[in-house]
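Worksheet: the structure to be examined is printed underneath.
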Amino acid sequence: MSLHMRKHLRSLLVCLKTKRGKQALKFDTATMPVIVLLKKPSAGNQPDIIPISQISSGKNHGHHSVEGRVVHKGPLVSSSNYHFILKGVIEEDNSKPEEKSSINIIMMGMLAKEFSQAVNIGDLVVASGFMVGKSPTARQDKRHVCNLMLSGDKALIHVCRHSPCDLPPPGQAEMKKPSPPPVVLTTPKYTYVKLRDLKAGQVFNVYGVVLFFKQPFKSRGTDFFSSLKITDQSEQKIRCTLFCSRMESHPQIFQSGDIVRLHRVKAQSFNDSLTLINTFGFSALTFDGTMDADTEPRSSSKTFHFTEEDRRTVTELRSWAASRNLVSQDLSIRLANAQPKMYFNLTCQLLAKAPIDATCTLLRVWDGTQCPHALLKVTVDANIIEGITSFSEEREKLIANVLVFDNHVQSTEHLKPGDFLRIFNVRAIPGSIKRPGLSSNQVEQSHHLSFHLHGGTTYGRGIRILPDNCPDVQELRRIMDVVHESIEINQPEVNDSVLWHAWNTPPQSPNKVNEASVGFTTERTCGHGLQPVSVSELKVCKPGGYHHVKAQLRSYEPLRLHRALKLFCSKCKSMQDVPDNRLVTKVFSDASNGASGLSNSPPWSLSGKVHLPGYLQAGGEGRTLNVHLSAQLVSEGRTKELIFLSGCTPDEACHLAATYANVIPVRPLPGDQLDFLDLTVPFLFRGSKRFYGCKQCSKGAVVREPKADGDKVLDEQNIAEVFGIQLLKFVMLLTFYLQDASGMLKVFLLREAEDFFNVSADEAATQQEAQDRITRTLNYFCPPEGRTSKRPWLDFCLAAYRTNADNNHQDYYQITNTRTREL
DNA sequence: GCTTAGGGTTCG
């Protein structure tokens, strides 16, 4: 490839990139509508190229493309319907005069814009995914009687630059650089109408909250069909009937309450009410309807138009829907709550699938919870199972067999083990049902549940794969991780593993181990006269209030207990992880490298050097650090109360904290000022304790001379106050998964964690003994080597609450008025 | 080529 050609292509691609950036549109190079190629695509990679003369409006050109050289390129025109339109003409090379070998091409939408920027007159292009229409200008321009219309997802234009002669001669390379669009474009603006204002026969763009939906399914015709009912602030409920040849072009609705944006839908009267039907150029975006959820749209198209105003519309619809309690009946439940005869939506992970017969497929799924009812066991020949064929006994208890019938068998074909699914309108069927094709040696149980997805699409029956970024999937993964870990720990063969021992540093004092062998229990300290309820009863209680339960601790997280420690800001109420030691070391080291060490000292300080012995450094010969002392404290003989260190490591700060009451790592600023290191790391070392400040609430914190009036002791409180630092407090946060015969319940241990363990978070942060007590307690409640029967039954008092931000009516529970007692 | 389906529980 010649140099000027490379240059030209580079400038072309750069231009595409920057232009896109300005439009703030989503692009994926894989589906970029205009693709610049160095070679013509090989025959296998694109539809058949047919001669332009063979184009006819009566033919199906769905699999055809045409090739031609661009002989005319019109201006890019802004259009209210399609955002942009551009007309061009392509002509076949070596064309015969008697053939109609030049044809008008009309590009719409982003394709037009891309074409305008990327393609020049003289370029050879291959167009595919076009519609064929009658050319209204055929008489005048003497070109082909048809024109090619390119818009939407399928439309594609390849620009072929396969030989140097396609490129401009060297001298013209600069001139041929794509110029800005020849028309001044206004920002395209879509207008949306409220559902009450729809008029029959007209095409609209609308927003709506989904009240009901059916997954797209193959119609008897050529398209996938999906149906939904939406509403908006105008209180009108409107049904939508959508036909798209591609499954992905349908709105990707995961649950009722999702919000859809539909472009180019036509209002039609059907059965005395208006229905919306998609028309040419239809596109859909879908948003999570949950308040405060991400406003990232779900779309199969990479080139949708999405503005801040859209974001606002979504937010408004969300809060409106929340205030109207529109989607109160959430049919999604966990296996733990499945009851006989229930219809429900199951969000789960597929572990294995197996064809039973032509009308039935078995899906083996789990959602991390255990169904309280005995489940149907299905015996299937291992070699027809796709996915994991056998599970441990513990794992098997968590797996549900879902039998999928008739039309849904087809939609299981593309499912892969590991996929996260939502199965809509599953039915829990009690008792034993004979199924065709199943061997007779299946275990019959008197009271078992089986799960069926019946044929048909009533009530939105169907299966959908949920993408990884879906919040429900993330939640599921998290639960599964915990359950998975807890199952692994319960496996005897894993019990001795290095991992397990690594998590549990052996208790420091052997005496404590003996004490621990006696065990622990919990007791409630509240005066509530409440009768304990079962976990499943508790879940159906009205929100709020206190509840007593008797349950076993099935698992907890974090399993690595040091991660239960958090830093809490009492001012902004934020909670953060304690920074990892490697991160702390890096911040210290960056600060040392950035400091020259030669700056002047603040006027209030006495500066000097301190020598540290070599054993602190690996193989080092000792280090000399820059130190600053408060002149006033020194004059009062209180030299050992406070020292500022610059260029030190965290270990060195710790080491000096044995000699000096307060050690503050600093870095010199230009001039004679000192500054704190990044507030990610401790700003103060006192004895074995490290103190952190809130980044958010400590803006404007400065190192200044500490005031130590009279004999006032300098501690973390008054040091933080003097410097303007908002001190963070250690807290503990654990999640317990409590279980009784009726189900599993996730509860938090936060506010009263210190009372619960009878250990302060500060102690847990620094003292081995405190850490041991927590570890021993949890090991007793949830024995790593133990089976369910070994877990003691524990009494809890729980406070139930709903957070304001949450609109999916998820209840949360926190352990309160409960403490552990040594037996 | 211009339909397909147009919500309201099941064969198993």
Side-chain angles (χ1 to χ4, degrees), chain A residues 56-64 131-134 149 200 208 210-231 237-247 249-251 253 255-256 265-282 327 329 331 340-346 354-363 376 378 380 401-409 412 423-440 442 448-462:
Chain A
S56 145
S57 59
K59 275 194 210 161
N60 180 5
H61 291 295
H63 299 290
H64 292 155
M131 311 260 289
V132 178
K134 281 213 168 105
M149 287 178 292
V210 176
L211 295 171
F212 169 82
F213 66 104
K214 275 187 183 187
Q215 294 299 326
F217 62 89
K218 198 95 182 86
S219 70
R220 284 167 212 248
T222 55
D223 293 329
F224 284 94
F225 165 77
S226 77
S227 161
L228 43 149
K229 186 153 89 184
I230 59 172
T231 188
K237 293 172 183 168
I238 294 283
R239 292 199 175 112
C240 307
T241 294
L242 306 175
F243 295 101
C244 304
S245 57
R246 298 192 324 135
M247 183 84 166
S249 307
H250 286 266
I253 302 164
Q255 58 190 349
S256 299
V265 281
K266 188 175 179 181
Q268 278 187 356
S269 192
F270 177 76
N271 279 353
D272 298 330
S273 57
L274 282 183
T275 309
L276 286 172
I277 296 177
N278 59 318
T279 60
F280 181 70
F282 165 78
V327 206
Q329 70 290 21
L331 297 169
K341 296 186 178 176
M342 206 181 225
Y343 285 96
F344 63 100
N345 300 339
L346 179 62
I356 301 295
D357 61 28
T359 64
C360 180
T361 294
L362 168 70
L363 300 181
L376 172 81
V378 183
V380 189
N401 292 309
V402 182
L403 292 166
V404 170
F405 291 97
D406 302 339
N407 53 320
H408 307 298
V409 168
T412 64
I423 311 178
F424 295 91
N425 201 235
V426 177
R427 192 179 183 209
I429 298 182
S432 140
I433 292 155
K434 193 166 160 44
R435 289 169 315 285
L438 289 180
S439 59
S440 55
Q442 72 193 60
H448 66 236
L449 280 188
S450 59
F451 298 103
H452 288 203
L453 182 67
H454 292 301
T457 63
T458 50
Y459 277 88
R461 253 180 242 144

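Between the side-chain ring of A:F405 and the base of B:dC11, no stacking contact exists by the 5.5 Å and 30° definition. Per the stacking criterion (ring centres < 5.5 Å, plane angle < 30°), A:Y459 does not stack onto the base of B:dG8. The aromatic ring of A:F270 stacks onto the base of B:dG6, its centre lying under 5.5 Å from the centre of the six-membered base ring with the two planes under 30° apart. In this structure, the aromatic ring of A:F225 is not positioned over the six-membered ring of the base of B:dT4 within 5.5 Å between centres and 30° between planes.
One N or O donor and one acceptor, one from the side chain of A:R427 and one from the base of B:dT10, sit under 3.5 Å apart. Interface remark: the A:R239 side chain does form a donor-acceptor pair with the B:dG8 base, using a distance-only criterion of under 3.5 Å.
Using a 4.0 Å heavy-atom cutoff across all strands shown, A:T222 reaches at least one base atom of the nucleic acid. Contacts of A:G460 with the nucleic acid, taken as non-hydrogen atoms under 4.0 Å apart, are absent. Residue contacts for A:N425: at a heavy-atom cut-off of 4.0 Å it reaches a base atom on one of the strands shown.
Put simply, CD1 on A:I423 is 19 Å from P on B:dT10, counting in whole angstrom units. As rounded to whole Å, 14 Å separates atom C1' of B:dT9 from atom NZ of A:K341. Rounded to whole Å, the distance from CE on A:M342 to P on B:dT10 is 19 Å. The CD1 atom of A:I253 sits 13 Å away from the C1' atom of B:dG7 (whole-angstrom rounding). When the P atom of B:dG12 is taken as reference, atom CG of A:N407 falls 16 Å away, rounded to whole Å. With rounding to whole Å, A:K237 atom NZ is found 17 Å from B:dG8 atom P. In this structure, A:F212 places its CZ atom 15 Å from P of B:dA5, rounding to the nearest Å. One can place CG of A:L403 at 13 Å from C1' of B:dT10, the figure rounded to the nearest angstrom.
Side chains of A:N278 and A:C244 form a contact here, defined as non-hydrogen atoms less than 4.5 Å apart. Residues A:L274 and A:I238 meet the side-chain proximity criterion, which asks for heavy atoms closer than 4.5 Å.
Taking the six-membered ring where the residue is Trp, A:F451 and A:F344 present perpendicular rings, their angle passing 60° and hence far from 30°.
When the side-chain nitrogen and oxygen atoms of A:R461 are compared with OP1 and OP2 of B:dT9, none of them lie within a distance under 4.0 Å. For B:dG8, the OP1/OP2 oxygens have no side-chain nitrogen or oxygen of A:K229 closer than 4.0 Å. For A:K214, a side-chain nitrogen or oxygen approaches OP1 or OP2 of B:dG6 to under 4.0 Å.
Residue A:F424 forms a ring pair (Phe, Tyr, Trp, His ring centres under 6.0 Å) with just one option from A:F217, A:Y459, A:F212, A:F213, and that option is A:F213.
Rounded to whole Å, the P atom of B:dT10 lies 14 Å from the corresponding atom of B:dG6.
B:dG7 has its base anti relative to the sugar, with a glycosidic angle deviating from 0 by more than 90°.
Closest to the A:D406 side chain, of the nucleotides B:dC11, B:dT10, B:dT4, is B:dC11.
Scanning all heavy atoms of the two residues, the minimum distance from A:F224 to A:H250 falls at O-NE2, 3.0 Å.
A donor-acceptor pair shorter than 3.5 Å cannot be found between the side chains of A:T231 and A:K237.
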